[in-house]
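Just so it is clear: chains get the letters A, B, ... in the order the sequence lines come, proteins before strands, and each one is counted from 1.
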Number of protein chains: 2
Amino acid sequence: MILKSQVEWALHCCAILAGLPDGRYLSTKALAEFHGLPKEYLSKALQSLSQAGLVHTTLGPSGGYRLAKSPAELSFLDIVEAVEGKTRTFVCNNIRANNPCRPQGYCESSPCAVARIMWEADEAWRERLRSVNLAQLTETLSQEIPSKLWKSSFEWVLDRAG
Amino acid sequence: MILKSQVEWALHCCAILAGLPDGRYLSTKALAEFHGLPKEYLSKALQSLSQAGLVHTTLGPSGGYRLAKSPAELSFLDIVEAVEGKTRTFVCNNIRANNPCRPQGYCESSPCAVARIMWEADEAWRERLRSVNLAQLTETLSQEIPSKLWKSSFEWVLDRAG
DNA sequence: TTAAATAGGGATATTTATTGTCCTTAATAA
DNA sequence: TTATTAAGGACAATAAATATCCCTATTTAA
């Protein structure tokens with residue numbers, strides 16, 4: 001069980017968009033080139049972000065994407081769920097219903113205990129993702145990335161932002 | 001990203017094995033029949049448990065599986081990792097390395113910040129799974145399952161345990 | 001006004017992972 | 001000795017992930 005690589009792509013793209021000045025947009029083409037990703041397929045991930053309302057888009061030359069909210073209001077969970085979906089990572093197929101000892105028409109009152117425990121772990125995962133936002137990420141990145149590279153990347157992006 | 005159904009199967013099978021008296025074994029055939037699962041494929045999941053050292057096996061008639069440790073010593077994480085593997089659910093492809101602004105030969109000092117955050121969430125998930133053991137599960141099940149069904153299931157299993 | 005660039009999305013192909021079946025082998029209990 | 005078992009290899013079927021291609025409506029810059 002491994003998350004789609006689109007999750008990684010979306011997170012990195014949002015990190016870039018978080019640094020974009022107000023009113024500017026960055027295209028799929030630029031984001032794909034910056035990260036070395038297939039443009040058409042990355043576009044699907046960005047469409048997911050758009051459908052989830054996390055980014056705003058414009059068409060035409062100088063069009064592209066910008067964040068729909070401030071970086072502090074966008075959590076990792078928002079982005080992960082936009083791309084990966086909100087479905088829990090454990091699916092209960094209720095195999096206890098196949099128990100040959102069950103009386104006819106028996107109906108369980110509550111979800112399977114196994115599933116409940118797995119879902120609690122799933123929720124712990126989501127809670128952790130919910131607790132980190134894009135502002136925190138960019139703060140960390142700005143500290144870790146050499147200022148020269150940080151600066152030149154910023155310029156590279158601004159050169160291409162409409 | 002959804003866990004294999006084998007994870008669900010393995011958890012339910014371990015719950016049954018947890019109720020098996022000392023020295024008795026239960027076969028793949030019985031476990032498959034009890035849960036309404038394909039015997040040959042369930043066998044693969046049980047083999048994973050065996051390879052991870054969670055269960056002990058014997059061959060021949062009256063052979064099968066029993067837990068290798070006490071239920072209290074077997075966590076959900078043990079079982080999930082035996083079947084699903086220990087690989088983290090987020091794989092970092094280090095796409096930051098494709099940044100066109102990077103100087104030649106540049107080498108990052110630490111793992112990508114995005115990956116670190118995703119891995120912390122993964123660890124939160126595992127920690128939660130680590131905190132629940134089979135003894136707790138069977139305790140819950142014994143409270144929730146009607147005593148009549150609990151009893152008849154127990155007899156069904158003992159009838160088939162070698 | 002026109003031409004180029006853009007997001008959105010449908011159709012489809014490719015690759016990988018999951019799910020499932022079949023068969024052989026060695027061990028073992030009855 | 002015989003039936004039954006776990007282990008595991010080979011392979012098939014199905015589903016999911018990873019793309020690629022192409023068309024459309026929109027918008028902006030020339």
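Of all heavy-atom pairs spanning A:Arg24 and A:Arg66, the tightest one is O-CB, 3.4 Å. In terms of heavy atoms, A:Met118 sits closest to B:Val7 at CE-CG1, 4.3 Å.
Within the structure, a side-chain polar atom (N or O) of B:Ser5 is placed less than 4.0 Å from OP1 or OP2 of C:dT19. Close to C:dG9, at under 4.0 Å from its OP1 or OP2, lies a side-chain N or O of A:Gln51. Dashed line: the shortest gap from a side-chain N or O of A:Thr57 to OP1 or OP2 of C:dG8 is under 4.0 Å.
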Let's go through A:Trp9 and A:Leu37 carefully: what are the C-alpha distance in whole Å and the side-chain angles of both, what is the deciding distance for side-chain contact (heavy atoms from CB on, under 4.5 Å) to 0.1 Å, and is it a yes or a no?
CA-CA 8 Å; A:Trp9 302 357; A:Leu37 302 173; 3.5 Å; yes
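Residue B:Pro61 is the one, among B:Pro61 and B:Tyr65, whose nearest nucleotide of DNA chain D lies closer to the 5' end (criterion: closest heavy atom). With the nearest nucleotide of DNA chain C identified for both B:Lys44 and B:Glu84, B:Glu84 has the one nearer the 5' end. Comparing A:Ile2 and A:Gly63 against DNA chain C, the residue whose closest nucleotide sits nearer the 5' end is A:Gly63.
Taking a heavy-atom distance under 4.0 Å as the criterion, the stretch of DNA chain D touched by chain B extends 5' to 3' from D:dA3 to D:dA17.
Looking only at side-chain heavy atoms (C-beta outward), A:Leu46 and A:Val55 stay at 4.5 Å or farther from each other. In this structure the side chain of B:Leu129 reaches within 4.5 angstrom of the side chain of B:Val80, judged on heavy atoms.
Residue pairs meeting the ring pair (Phe, Tyr, Trp, His ring centres under 6.0 Å) criterion with at least one member in residues 132-162 of chain B, sequence neighbours excluded, are B:Phe34-B:Trp156.
With C:dG10, C:dG8, C:dG20 as the choices, the nucleotide that has an atom nearest any side-chain atom of B:Trp9 turns out to be C:dG20.
Among the heavy atoms of the strands, none lies under 4.0 Å from B:Ser43. Residue A:Gly64 is in sugar-phosphate contact alone, with no base atom involved, counting any heavy-atom pair closer than 4.0 Å across all strands shown.
Rounded to whole Å, atom P of C:dT6 lies 17 Å from atom NE2 of A:His56. Taking atom CD on B:Gln47 and atom P on C:dG20, their separation rounds to 16 Å, with Å as the unit. Whole-Å rounding puts the A:Met1 CE to C:dT19 P distance at 12 Å. In this structure, NZ of B:Lys4 is placed 5 Å from P of C:dT18, rounded to the nearest angstrom.
Not one N or O on the side chain of B:Glu144 forms a donor-acceptor pair closer than 3.5 Å with the backbone of B:Leu141. The backbone N or O of B:Asp122 sits nowhere less than 3.5 Å from a side-chain atom of A:Arg128 that would complete a donor-acceptor pair. Looking only at distances, no side-chain donor or acceptor of A:Arg88 sits under 3.5 Å from a matching main-chain atom of A:Trp119.
Residues of residues 22-42 of chain B that place a heavy atom closer than 4.0 Å to DNA chain C, in numerical order, are B:Pro38, B:Glu40, B:Tyr41.
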